[in-house]
**Q** 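Quick one: the structure is below, and I'll ask about it shortly.
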Protein chains: 2
Amino acid sequence: MPQESLRPPQWPDDRVCSADQKGLVREMLTRIGDKWTTLVITTLARGPLRFSALLGEINGLSHRMLTVTLRALERDGLVTRTVYAEVPPRVEYTLTDLGVTLIAPLGTIVDWVEGHQGQVAASRAEFDA
Amino acid sequence: MPQESLRPPQWPDDRVCSADQKGLVREMLTRIGDKWTTLVITTLARGPLRFSALLGEINGLSHRMLTVTLRALERDGLVTRTVYAEVPPRVEYTLTDLGVTLIAPLGTIVDWVEGHQGQVAASRAEFDA
DNA sequence: CTGTATCCCGTTCGATACTG
DNA sequence: CAGTATCGAACGGGATACAG
């Protein structure tokens, strides 16, 4: 088993968050903020999808990264993987109850970005000028 | 030539989000989720701080990464950089009004993590078993 | 004190090829 | 169709040295 496949970033530095759980919070933020996790969750929020459907819905997402992302979500208990014993094989991914509770908080961030992207873009334009 | 140095990430991939704004949403999520951004924002949420103070408050944060993080936040209009013409130089960083509006949404995520980290940890333990 | 520039290593991720 | 294995390029980020 390759090291990379499934290992979620373990945050080994307890100095960062010695007395509290900021390490875990940041680890989850890292997960939430990583390249594909949020897109996968928000896509699954509209209903269960199979692997190939997810791949089709999310533009630019590679085969391999979808697998990695889904495994991490599954490990965290946010997504359920259901295999149907058919030929050809069919696998459906569904948000768990826990995963569903993440939709709203995620939504506040998405809303913020959508509501302020103009200001951010303007600020960048000025900064880069 | 490989001046990757201190420049904030500039928008490398338009492929992913050609016509819509999901790319920007994800880009902001990436920024929010990256190693230090959230910690810097939440630390500045308690009040303005100078460079060295921030460095001291956030354990494990390196000199260089604080600069990189602050530049990105400044570029996005989330943080203001104020230089006082003194010797030795003093520079204070403050959340902008825009930056302040990010505190609440960020809080919903932090609250989610703190409220569900037990379930996540349990799920991981079972998955890894 | 604040910030920039280099070096350098580990990780990430896309492309590709292969299996059940 | 769904998933795994491998490889190479790109990136992140720490240590360090240096400058205003």
Side-chain angles (χ1 to χ4, degrees), chain A residues 1-13 15-16 26-27 30-31 33-37 39-40 48-75 79-94, chain B residues 1-13 15-16 26-27 30-31 33-37 39-40 48-75 79-94:
Chain A
M1 177 101 65
Q3 296 281 72
E4 178 207 344
S5 278
L6 252 177
R7 192 182 68 263
Q10 200 110 320
W11 192 220
D13 193 351
R15 305 174 52 202
V16 174
R26 200 184 59 195
E27 190 207 339
T30 301
R31 165 122 341 139
D34 85 9
K35 205 170 183 185
W36 303 111
T37 297
L39 279 176
V40 169
L49 285 177
R50 45 196 301 185
F51 188 90
S52 53
L54 272 167
L55 207 51
E57 290 269 339
I58 304 176
N59 208 350
L61 175 54
S62 75
H63 196 154
R64 179 178 168 279
M65 287 315 294
L66 178 56
T67 301
V68 172
T69 303
L70 285 171
R71 286 293 169 281
L73 291 174
E74 193 189 355
R75 186 174 109 101
V79 157
T80 305
R81 179 173 177 267
T82 309
V83 183
Y84 296 91
E86 302 174 356
V87 176
R90 178 164 62 106
V91 181
E92 270 198 354
Y93 290 91
T94 314
Chain B
M1 19 141 212
Q3 61 185 106
E4 43 87 24
S5 281
L6 291 174
R7 212 141 240 80
Q10 203 90 344
W11 232 136
D13 52 3
R15 305 164 292 148
V16 176
R26 195 186 64 198
E27 192 209 340
T30 301
R31 170 126 334 147
D34 84 8
K35 205 169 183 183
W36 304 110
T37 298
L39 278 176
V40 168
L49 285 176
R50 45 196 301 188
F51 188 88
S52 52
L54 272 168
L55 207 51
E57 290 270 337
I58 304 177
N59 217 340
L61 175 54
S62 75
H63 196 153
R64 177 179 170 275
M65 286 316 294
L66 178 56
T67 301
V68 172
T69 303
L70 286 170
R71 285 293 168 279
L73 290 174
E74 191 189 356
R75 185 173 108 102
V79 158
T80 305
R81 178 172 178 269
T82 308
V83 183
Y84 296 91
E86 304 174 355
V87 176
R90 178 166 60 109
V91 181
E92 269 198 354
Y93 291 91
T94 315

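Every chain is numbered from 1 and lettered A, B, ... according to where its sequence line falls, protein lines coming before strand lines.
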**Q** Closer to the 5' end of DNA chain D via nearest nucleotide, is it A:Thr67 or A:Pro89?
**A** A:Pro89

**Q** Starting at CE of B:Met65 and ending at P of C:dT2, how long is that distance when rounded to a whole Å?
**A** 18 Å

**Q** Atom CD of B:Glu92 and atom C1' of C:dC1: how far apart are they, to the nearest Å?
**A** 13 Å

**Q** Find the distance A:Leu49:CG to D:dA2:C1' and express it as a whole number of Å.
**A** 15 Å

**Q** Counting only side-chain nitrogens and oxygens, does A:Ser62 get under 4.0 Å of the OP1 or OP2 atom of C:dA15?
**A** no

**Q** Look at all strands and tell whether B:Tyr93 reaches a base, only sugar-phosphate, or nothing, counting heavy atoms closer than 4.0 Å.
**A** sugar-phosphate

**Q** Provide, to the nearest angstrom, the distance between the CD atom belonging to A:Glu86 and the C1' atom belonging to C:dG20.
**A** 16 Å

**Q** Can you tell me how far P of D:dA15 sits from CG of B:Leu55, to the nearest Å?
**A** 11 Å

**Q** Heavy atoms only: give me the nearest B:Trp36-B:Asn59 pair and the separation to one decimal.
**A** CZ3-O, 4.1 Å

**Q** To the nearest 0.5 Å, what is the distance between OG1 on A:Thr67 and CZ on A:Arg64?
**A** 9.0 Å

**Q** For B:Leu49 and B:Glu57, work out which heavy atoms get closest and say how close.
**A** CD1-CG, 4.1 Å

**Q** Take atom CG of B:Leu61 and atom P of C:dT2, then tell me their distance rounded to the nearest Å.
**A** 13 Å

**Q** Look for any protein N or O under 3.5 Å of an N or O in nucleotides 16-19 of chain C and output each such pair with its distance, or none.
**A**
none

**Q** Please say which of B:Leu70, B:Thr69, B:Leu39 ends up in a side-chain contact (heavy atoms from CB on, under 4.5 Å) with B:Leu54.
**A** B:Leu70

**Q** Nearest to the side chain of A:Arg50, heavy atoms from C-beta on, is which of C:dC1, C:dG3, D:dC1?
**A** D:dC1

**Q** Of all the nucleotides listed (D:dG3, C:dG14, D:dC1), which has the minimum atom distance to the side chain of A:Arg71?
**A** D:dG3

**Q** What pair of heavy atoms forms the shortest contact from B:Pro48 to B:Thr94, and how long is it?
**A** CB-OG1, 3.7 Å

**Q** Give the minimum heavy-atom separation between A:Val91 and A:Arg81, together with the two atoms involved.
**A** CG1-CG, 3.7 Å

**Q** What residues, two or more places apart in sequence or in another chain, satisfy salt bridge (Lys or Arg N to Asp or Glu O under 4.0 Å) together with A:Arg90?
**A** A:Glu86, A:Glu92

**Q** Without decimals, in angstroms, what is the distance between B:Asp34 CG and C:dT12 P?
**A** 14 Å

**Q** Between atom CZ in A:Arg81 and atom P in D:dC1, what is the gap in whole Å?
**A** 16 Å

